[in-house]
Structures are given as C-alpha cells and as structure tokens.
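Scroll down for the structure; my scribbles are underneath it.
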There are 2 protein chains.
Amino acid sequence: MPPTTEEKIKSAARTVFHSKGFAATKTRDIAKEAGINLALLNYYFRSKEKLFQIIMMDSIHSLFQSILPIFFEEETNFFEKIEKFVSLYIEKLKTDPEIPLFILSELQRNPLVILEQVPFKEIFETSVFHKQYESAIEKKELNSISYYHLLMNLAGLTVFPFIGKPIFFQVGNLTSEEFHRLMEERKKWIPIWIKQMLTNELQAS
Amino acid sequence: MPPTTEEKIKSAARTVFHSKGFAATKTRDIAKEAGINLALLNYYFRSKEKLFQIIMMDSIHSLFQSILPIFFEEETNFFEKIEKFVSLYIEKLKTDPEIPLFILSELQRNPLVILEQVPFKEIFETSVFHKQYESAIEKKELNSISYYHLLMNLAGLTVFPFIGKPIFFQVGNLTSEEFHRLMEERKKWIPIWIKQMLTNELQAS
DNA sequence: ATTTGTTTTAATCATTTGTTTAAATCAAAT
DNA sequence: ATTTGATTTAAACAAATGATTAAAACAAAT
C-alpha cells in the first residue's frame with residue numbers, strides 16, 4: 001500500500017527536522033522532501049509548530065519506549081538489564097543516530113513541554129533496575145556510587161559516540177564501517193566497564 | 001575600560017548563538033542583547049554568517065586550546081594526563097556548559113569548514129598521550145583496547161552529563177547545586193573508572 | 001451523468017528577517 | 001569654530017517564510 005499524503009509529510013518532516021532542527025527547517029524543505037504541495041502541510045497539520053510537536057513526541061517515544069520495559073523486568077538481574085539496554089540502544093542508534101542530538105538541542109533552545117509528559121522520575125526511581133541497584137549496594141555486592149553517576153555513565157558511554165560522531169570521524173580517518181564495528185564492540189565492552197566500575201576494589205591513585 | 005561596540009556585539013552574539021544556535025538566532029536578538037542599533041552588526045561584522053564564523057572559531061578554540069597542551073606534556077605520565085584533562089574540562093564546562101552542544105549541533109546541520117582547520121588527527125595521533133598509551137599496551141601494562149574506545153569513553157564520561165543536563169534534571173529533581181557537586185565528584189571518579197577499564201582483569205560475564 | 005465532499009494546486013498575503021542607505025551625531029585635528 | 005572621518009541611528013528594501021485562499025481535480029455515492 002502506497003503511503004498516504006499525511007504519511008509522506010510526516011516522514012519527510014522527520015527526516016528534515018532530525019537533520020536540521022526546528023529553526024533551520026523551512027516548510028518548503030519539508031514539502032519538497034515529501035514531494036507534495038506546500039499548502040498540504042497546513043491542510044493536514046495546521047502549522048509547522050504542530051507538525052514539529054508530533055515529530056518530537058514520536059522521536060522521544062521511539063527512543064524510550066523500546067528500552068523502558070527492560071528496566072521494569074522482574075526476570076532479569078541487574079547486569080543482564082545493562083547488557084540488554086546497551087545492545088538495544090546501540091542497535092537503535094545505528095539506524096537513527098540523529099535522534100539524541102535532535103532532542104537535546106531542541107531541549108536546549110526551549111524547555112519542551114512534551115518532556116514533562118515523559119515520567120522520567122517515576123521511570124528511573126520506581127524501576128526494578130533501581131531497586132536491584134540499591135539492594136545490591138545494601139548487600140555490599142556493589143560499590144556505593146550515586147545512581148546519577150551510573151545513569152550518566154551508562155548514557156554517556158552508549159550515546160556520546162553517536163553524538164560526537166563527526167568529531168571522531170575527523171580525529172582518525174574513521175570510515176562508516178569502522179565506526180559500526182566499534183559500536184558492535186561497545187555492546188560487549190560497556191557492560192564490562194560498568195561492571196568494573198561498580199564491583200572492583202578502588203585502587204590508590 | 002568599558003567594552004567597545006564591537007566587543008558588545010561579539011559578546012552578545014556568543015550568548016545568543018550558544019543558547020539558540022545559528023538558525024534560531026535573529027540579528028535583532030543579538031542587537032537587542034548587545035543594546036546596540038541593528039545596523040551596527042553589519043557595520044562591524046558584514047553579515048550574520050561572518051559573525052557566526054567568528055563565534056564558532058572562538059568557541060572551538062576555547063574548548064580545545066586549554067586541553068591540548070596537556071596531551072603533549074613530556075613530564076606527566078599517562079594517568080596524570082587523564083586526571084588533568086578531566087579536572088580542567090569539567091571546570092571549563094561548569095562555566096560554559098553549552099559549548100559542546102552548540103558545536104555538535106551546528107556540526108550536524110552542516111559540515112563546518114572551520115573544523116577542518118583543527119588538526120584533530122595530528123593532535124590525537126602524534127600526542128605524547130597517544131604514544132604513552134601505545135607503549136603501555138605494548139608493555140602489557142594496559143589492556144589492549146582501541147584508542148578510539150578510550151577517547152570515546154573519556155569524552156562521553158566527561159562531556160555527556162553537561163549535554164544531557166536537562167534530561168538528568170528531569171530524572172530526579174536535581175538542583176543546580178547537586179549537579180555541580182556531582183560534577184566535582186566526577187573529577188575524581190572518571191580517572192579511576194578509566195584506570196579500572198584499562199588495567200583490571202576482565203571477568204567472565 | 002450529477003452531486004457531494006475531499007484533496008490538491010497555484011497564487012497570494014502578511015510578517016519576519018538580513019541587509020543597506022542616507023542622514024545625524026560624535027570626536028579628534030586644524 | 002570648522003573640517004574631516006568615523007560611528008550611530010531610523011527608515012527602508014528585498015527576499016524568505018509560514019500561512020491562507022479560491023479554484024481545480026478527484027473520487028465516491030446517487
């Protein structure tokens with residue numbers, strides 16, 4: 001079934017917004033990318049702003065919906081969750097590498113009302129993952145490191161290579177294939193690094 | 001000595017470009033922020049684009065010039081360099097947290113010609129830091145992990161918390177003071193984590 | 001075939017935006 | 001005080017941009 005006009009516009013809008021951001025994206029860019037008449041954008045979505053809100057909502061969803069269930073699983077243990085998260089996220093970012101930078105840069109420009117609808121606090125504080133972490137610390141199985149540090153490290157190690165991709169490409173003459181191979185390697189490494197950070201004795205500096 | 005008109009414009013441009021990016025920044029925003037007549041912007045800087053190039057160049061410089069010497073020091077060893085880098089960078093980002101996101105998002109929108117003027121490749125491949133790393137691996141003092149992974153981890157752990165700040169603020173009800181305290185803690189932790197990652201035996205998963 | 005409601009189009013509108021212009025102001029030199 | 005060159009200002013311009021309109025094309029129902 002061929003895509004409807006509405007789908008064509010949404011898809012084009014996603015492409016252009018993701019690559020240029022809200023302000024640099026012109027409605028005519030989207031119309032051209034979609035191969036439709038400019039007026040249809042307003043006909044189907046009222047305004048550029050409304051269309052943007054929809055794309056932003058979609059993007060946030062597509063970035064979080066896949067990983068959330070992992071953190072609420074009862075069957076898997078703490079480190080299994082980390083392994084699952086890292087693999088799934090890197091896989092997601094290999095197909096949609098621009099989403100994090102898109103969300104974060106729009107977030108910098110104005111505090112997206114949308115974000116308030118994502119119950120981050122509940123998610124991270126009431127998750128099984130969080131409970132397992134606190135419990136392991138209590139039992140002295142893990143070093144006592146702030147949950148924030150854990151989240152920052154997990155996100156930083158996983159997401160940053162994609163955000164900083166253009167820099168890393170400049171550093172070495174990194175090709176796209178080499179980059180993808182590195183990201184595959186990180187699926188294995190990041191959980192190991194996190195584990196080391198949480199379980200190893202702290203050496204004197 | 002009071003700032004000249006030219007300085008007022010540059011300073012205002014830096015503020016507005018950093019917070020909103022090139023496309024969302026209007027020349028009138030800059031004029032207003034600087035408290036000057038709109039025409040003076042073109043009088044002193046020819047165009048918005050030219051002014052932007054100057055600010056971008058400045059920003060890249062301010063982000064790299066301070067850290068580069070560290071990587072070329074002969075006196076300090078490998079881990080001392082890491083400690084110095086992390087401390088200096090976090091300190092820099094505490095005062096100018098928007099610069100990395102500013103650079104990276106503009107870089108996503110179009111491949112900044114400016115960046116080619118930064119000799120990243122030479123910097124990272126000919127640095128004393130790199131030589132010390134390769135030599136330590138050769139002597140089996142460090143695990144053999146790709147230099148790219150090291151750079152990604154170092155940058156990810158150090159920079160990402162600042163890029164993702166709005167998200168982390170939403171996750172917990174993180175205050176600005178708590179965030180800064182966490183960043184102070186990371187000055188000590190990140191070098192330890194990197195050391196663990198490079199020196200610890202790899203445990204079976 | 002005609003009617004009816006929906007979708008698409010080309011043209012147009014009003015605002016915004018980057019830049020220029022010409023006159024006014026200022027400050028230093030004569 | 002006058003001249004001269006630099007700086008600043010208000011006004012205006014042209015192009016770009018988001019949005020609307022009115023007519024045309026289309027498709028489904030009668």
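This one's a predicted model, so the numbers in the text were calculated from it and none came from an experiment. Heavy atoms only: backbone and side chains are in, while hydrogens, waters and symmetry mates are out. Residue numbering restarts at 1 for every chain, and letters A, B, ... go by the order of the sequence lines.
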Residue of the set B:Arg186, B:Lys187, B:Arg181 for which salt bridge (charged side-chain N to carboxylate O under 4.0 Å, His left out) holds with B:Glu184: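 So the option named by the test is B:Lys187.
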Closest nucleotide among C:dT8, D:dA10, C:dA10 to the B:Ala39 side chain: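 The answer is D:dA10, which lies nearest to the side chain.
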Would you indicate, yes or no, if [N] has its OP1 or OP2 atom less than 4.0 angstrom from a side-chain nitrogen or oxygen of [X]?
{"X": "B:Thr5", "N": "D:dT7", "result": "no"}
{"X": "B:Thr27", "N": "C:dT19", "result": "no"}
{"X": "B:Asn37", "N": "D:dA10", "result": "yes"}

What contact category does [X] fall into here, base, sugar-phosphate, or nothing, at under 4.0 angstrom with non-hydrogen atoms?
{"X": "B:Thr25", "value": "sugar-phosphate"}
{"X": "A:Leu38", "value": "base"}
{"X": "A:Tyr44", "value": "sugar-phosphate"}

Earlier contact from the 5' end, DNA chain D, for A:Lys26 and A:Arg46: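 It is A:Lys26, whose closest nucleotide lies nearer the 5' terminus.
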Is the [X]-[Y] ring centre distance short of 6.0 angstrom?
{"X": "A:Phe169", "Y": "A:Phe179", "answer": "yes"}
{"X": "B:Phe85", "Y": "B:Phe71", "answer": "yes"}
{"X": "A:Phe45", "Y": "A:Phe52", "answer": "no"}

Rounded to the nearest angstrom, tell me the gap between atom [atom1] in [X] and atom [atom2] in [N].
{"X": "A:Glu49", "N": "D:dT17", "atom1": "CD", "atom2": "C1'", "result": "15 Å"}
{"X": "B:Arg28", "N": "D:dC13", "atom1": "CZ", "atom2": "C1'", "result": "11 Å"}
{"X": "B:Lys48", "N": "C:dT20", "atom1": "NZ", "atom2": "C1'", "result": "17 Å"}
{"X": "A:Lys32", "N": "D:dG18", "atom1": "NZ", "atom2": "C1'", "result": "18 Å"}
{"X": "A:Leu41", "N": "D:dT17", "atom1": "CG", "atom2": "P", "result": "14 Å"}
{"X": "B:Asn42", "N": "D:dT9", "atom1": "CG", "atom2": "P", "result": "14 Å"}
{"X": "B:Tyr43", "N": "D:dA6", "atom1": "OH", "atom2": "C1'", "result": "5 Å"}
{"X": "B:Ile30", "N": "C:dT19", "atom1": "CD1", "atom2": "C1'", "result": "13 Å"}

For DNA chain D, the dot-bracket pattern of Watson-Crick and G-U pairs whose distances stay under 3.5 Å, | for other-strand partners: ||||||||||||||||||||||||||||||
Whether the side chain of [X] engages the backbone of [Y] through a donor-acceptor N/O pair (distance < 3.5 Å, no angle test) should be reported.
{"X": "A:Thr95", "Y": "A:Lys92", "result": "yes"}
{"X": "B:Lys131", "Y": "B:Thr126", "result": "yes"}
{"X": "A:Asn37", "Y": "A:Ala39", "result": "yes"}

